[in-house]
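Each remark here refers to the structure printed beneath this line.
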Amino acid sequence: MKTVLLIDDEKRMLDLLELYITPYGYKCIKKTSGKEAISVVQEQNVDLILLDIMMPEMDGWTTLKHIRDFPHVPIIMLTARNDKGDIVKGLKTGADDYVSKPFDEEELLARMEAVIRRTSRDTEDDTLSFLGLTFDPTTVEVHYKNIKIPMTPKEFALLELFLKYQNKVFSREHLLSTLWGLKVDTEDRTIDSHIRNLREKLRKQGFPVDDHLKTVWGIGYKWSS
């Protein structure tokens with residue numbers, strides 16, 4: 001099930017969008033402000049964002065720029081503004097598509113599917129590289145300066161998550177539920193143990209891991225680019 005983040009200051013519009021798209025297998029997260037939406041993107045993975053432009057306090061343009069500070073998630077601007085200049089501005093700022101209100105339900109769903117399909121294809125099975133560190137999901141291997149670094153499956157999965165979503169803060173709860181399928185109780189130290197082992201292996205091969213794999217005290221971890 002794909003998760004869609006809906007951002008609009010009108011609760012009625014959020015409810016209407018949810019009513020439209022949930023029968024097609026989408027899970028919806030509804031937020032009425034840009035600040036709330038940015039917090040969601042920081043804490044969890046979403047497959048698509050539908051973003052309104054005309055919002056108080058933080059408009060869609062500003063929200064879009066902040067969201068683009070995080071790893072790529074497809075964004076469709078959904079708004080009553082249909083001026084060509086606005087469309088161009090949205091696409092240049094980082095939007096993947098633009099749908100004007102009032103919208104046709106079938107067209108919106110088709111555009112959602114097309115954007116998700118396109119962005120998924122673009123990122124599928126890509127080798128990740130970072131300062132001489134290479135991560136190959138096809139061969140399930142990690143190298144630093146052409147030297148292979150042996151890793152357990154969980155260490156490999158953690159590194160993949162960090163490299164894909166650089167600068168995003170992951171809570172221990174999120175890491176446990178995503179990679180272990182566990183609920184948080186006394187087992188959150190499982191994450192700390194695996195992070196420690198991952199750091200030691202990268203450090204042993206000379207990679208400056210302490211400059212990038214950061215502890216966010218009281219929350220979890222992030223990979224700083």
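Nothing fancy with the numbering, it's 1 onward along the sequence. Computed over heavy atoms, backbone and side chain alike; hydrogens, waters and symmetry mates excluded.
- Heavy atoms from other residues, nucleotides or ligands lying under 6.0 Å from CD of Glu200 number more than 12.
- At distances below 3.5 Å, not a single donor-acceptor pair connects side-chain atoms of His174 with backbone N or O atoms of Gln44.
- Under a 3.5 Å cut-off, the side chain of Arg111 and the backbone N or O of Val99 do not form any donor-acceptor pair.
- Partners of Ser33 under the side-chain hydrogen bond (donor to acceptor under 3.5 Å, both in side chains) rule, at least two apart in sequence or in another chain, do not exist in this structure.
- A 4.5 Å side-chain heavy-atom check between Ile7 and Leu50 finds every atom pair outside the cut-off.
- With a 4.5 Å cut-off on side-chain heavy atoms, Met112 and Ile21 count as touching.
- Sorted by first then second residue, the salt bridge (charged side-chain N to carboxylate O under 4.0 Å, His left out) pairs that include residues 20-29, not counting sequence neighbours, number zero.
- Proximity of Leu198 to Phe156: side-chain heavy atoms (C-beta onward) are nowhere separated by under 4.5 Å.
- Asp96 places no side-chain N or O within 3.5 Å of a backbone atom of Ile76 that could act as its donor or acceptor partner.
- Looking at Ser225 and Asn167, their side chains do bring a donor and an acceptor atom within 3.5 Å of each other.
- Contact annotation: the side chain of Asp8 never approaches that of Leu78 to less than 4.5 Å [non-hydrogen atoms, C-beta and beyond].
- The salt bridge (charged side-chain N to carboxylate O under 4.0 Å, His left out) pairs that include a residue from residues 208-222 are Arg203-Asp210, where partners are two or more places apart or lie in different chains.
- Pairs of residues two or more places apart, or lying in two chains, that qualify as salt bridge (charged side-chain N to carboxylate O under 4.0 Å, His left out) and include a residue from residues 29-40 are Asp15-Lys30, Glu18-Lys30.
- Side-chain atoms of Gln205 never come within 3.5 Å of backbone atoms of Leu202 as a donor-acceptor pair (strictly under, hydrogens ignored).
- Using a 30° and 60° split on the angle between ring planes, Phe170 and Tyr165 fall in the perpendicular class, above 60°.
- Side-chain atoms of Val142 and Thr134, non-hydrogen and from C-beta on, never get closer than 4.5 Å to each other.
- In this structure, the side-chain hydrogen bond (donor to acceptor under 3.5 Å, both in side chains) partners of Thr62, at least two apart in sequence or on a different chain, are Asp59.
- At least one side-chain heavy atom of Leu5 sits less than 4.5 Å from a side-chain heavy atom of Val41.
- Note that CG of Leu48 is 9.0 Å distant from CD1 of Ile75, once rounded to the nearest 0.5 Å.
- Applying the salt bridge (charged side-chain N to carboxylate O under 4.0 Å, His left out) test to pairs two or more places apart or on separate chains, those with a residue in residues 44-58 are Asp52-Lys101.
- For the pair Phe130/Leu159, no side-chain contact is recorded, criterion being any heavy-atom separation below 4.5 Å from C-beta on.
- At a threshold of 4.5 Å between non-hydrogen side-chain atoms, the residues Lys201 and Ile149 count as touching.
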